[in-house]
Undergrad: 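First the structure, then my questions, so here it is.
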Amino acid sequence: MARKRKYIKGRVYKTNDKILVGGRGKTRMVVSMNNDKNNMAVRRISSLYDKNGKKRTGLIPIEKSPDIRRASGVEVKTFRKTVSGKPIKEKHLGKTKTRLNKWDMKKISTKKQT
């Protein structure tokens with residue numbers, strides 16, 4: 001019997017925000033949107049509520065998990081390159097043991113907003 005192939009689509013990584021948008025560089029979770037380790041497409045995961053307690057618009061809500069502790073959502077914008085114009089590689093991202101479930105991935109990949 002063959003082993004199941006390990007895909008990276010839907011896997012959650014830790015990264016420095018400096019790589020994606022520049023600035024000071026806040027540690028942030030991102031989710032992989034494809035299976036290419038050397039040319040990744042990622043979307044940022046951020047809190048569903050801002051610091052004043054208002055619900056943010058433009059985020060697709062996802063379920064909580066051990067690495068994602070508070071109510072969070074995934075942005076609609078996909079990042080394919082770093083700020084310097086180089087492709088995003090898996091070896092530059094911090095691995096976690098978390099993966100989004102298939103229902104969340106279906107919501108994210110069809111770009112449904114609530």
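When reading the values below, keep in mind they use all heavy atoms of this one structure, side chains included, and skip hydrogens, waters and symmetry mates.
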Undergrad: For the NE2 atom of His92 and the NZ atom of Lys89, what is their distance to the nearest 0.5 Å?
TA: 5.5 Å

Undergrad: Per the side-chain hydrogen bond (donor to acceptor under 3.5 Å, both in side chains) rule, which among Arg28, Lys26, Arg24 passes with Asp17?
TA: Arg28

Undergrad: Show which side-chain atoms of residues 7-14 pair as donor or acceptor with protein atoms under 3.5 Å away, not counting sequence neighbours.
TA:
residue: Tyr13; atom: OH; partner: Glu90; partner atom: OE2; Å: 2.6

Undergrad: Closer than 4.0 angstrom, basic N to acidic O: yes or no for Glu75 and Arg43?
TA: no

Undergrad: Taking all non-hydrogen atoms of both residues, which atom of Leu48 and which atom of Pro61 are closest, and how far apart?
TA: CD2-CB, 4.1 Å

Undergrad: Got a second to check how far Arg80's CZ is from Thr82's OG1, nearest 0.5 Å?
TA: 14.0 Å

Undergrad: At their closest point, which heavy atom of Ser32 faces which heavy atom of Val42, and how far apart are they?
TA: CA-CG1, 4.3 Å

Undergrad: Looking at CG of Leu20 and OG1 of Thr15, how far apart are the two atoms once the value is rounded to the nearest 0.5 Å?
TA: 5.0 Å

Undergrad: Side-chain contact, heavy-atom cut-off 4.5 Å: Ser84 with Lys86?
TA: yes

Undergrad: Is it the case that the side chain of Asn34 and the backbone of Asn39 share a donor-acceptor pair, with hydrogens and angles ignored and the cut-off at 3.5 Å?
TA: yes

Undergrad: For a quick test of reading the model, state the closest non-hydrogen atom pair linking Ile45 to Val74 and the distance between them.
TA: CG1-CG2, 4.0 Å

Undergrad: Could you list the residues that satisfy side chain to side chain contact (heavy atoms under 4.5 Å, CB included) with Asp50, not counting sequence neighbours?
TA: Asn52, Lys54, Arg56

Undergrad: Taking Asp104's backbone N and O only, do any of them form a donor-acceptor pair with Asn101's side chain (distance below 3.5 Å, no angle check)?
TA: yes

Undergrad: Indicate the atoms forming the closest heavy-atom contact of Thr78 with Ala41, along with that distance.
TA: CG2-CB, 3.8 Å

Undergrad: Let me check something: do Val83 and Phe79 share a hydrophobic cluster, defined by ILVMFWY side-chain heavy atoms less than 4.5 Å apart, either directly or through other members?
TA: no

Undergrad: Are side-chain heavy atoms of Asp36 and Asn38 found at a separation under 4.5 Å?
TA: yes

Undergrad: Once rounded to the nearest 0.5 Å, what's the spacing between atom CD1 of Ile68 and atom CE of Met29?
TA: 6.0 Å

Undergrad: Indicate, with yes or no, if Leu100 and Met40 share a hydrophobic cluster defined by side-chain heavy-atom contacts under 4.5 Å among Ile, Leu, Val, Met, Phe, Trp and Tyr.
TA: no

Undergrad: Do Arg70 and Ser47 pair up side chain to side chain, a donor and an acceptor below 3.5 Å, judged on atom types alone?
TA: no

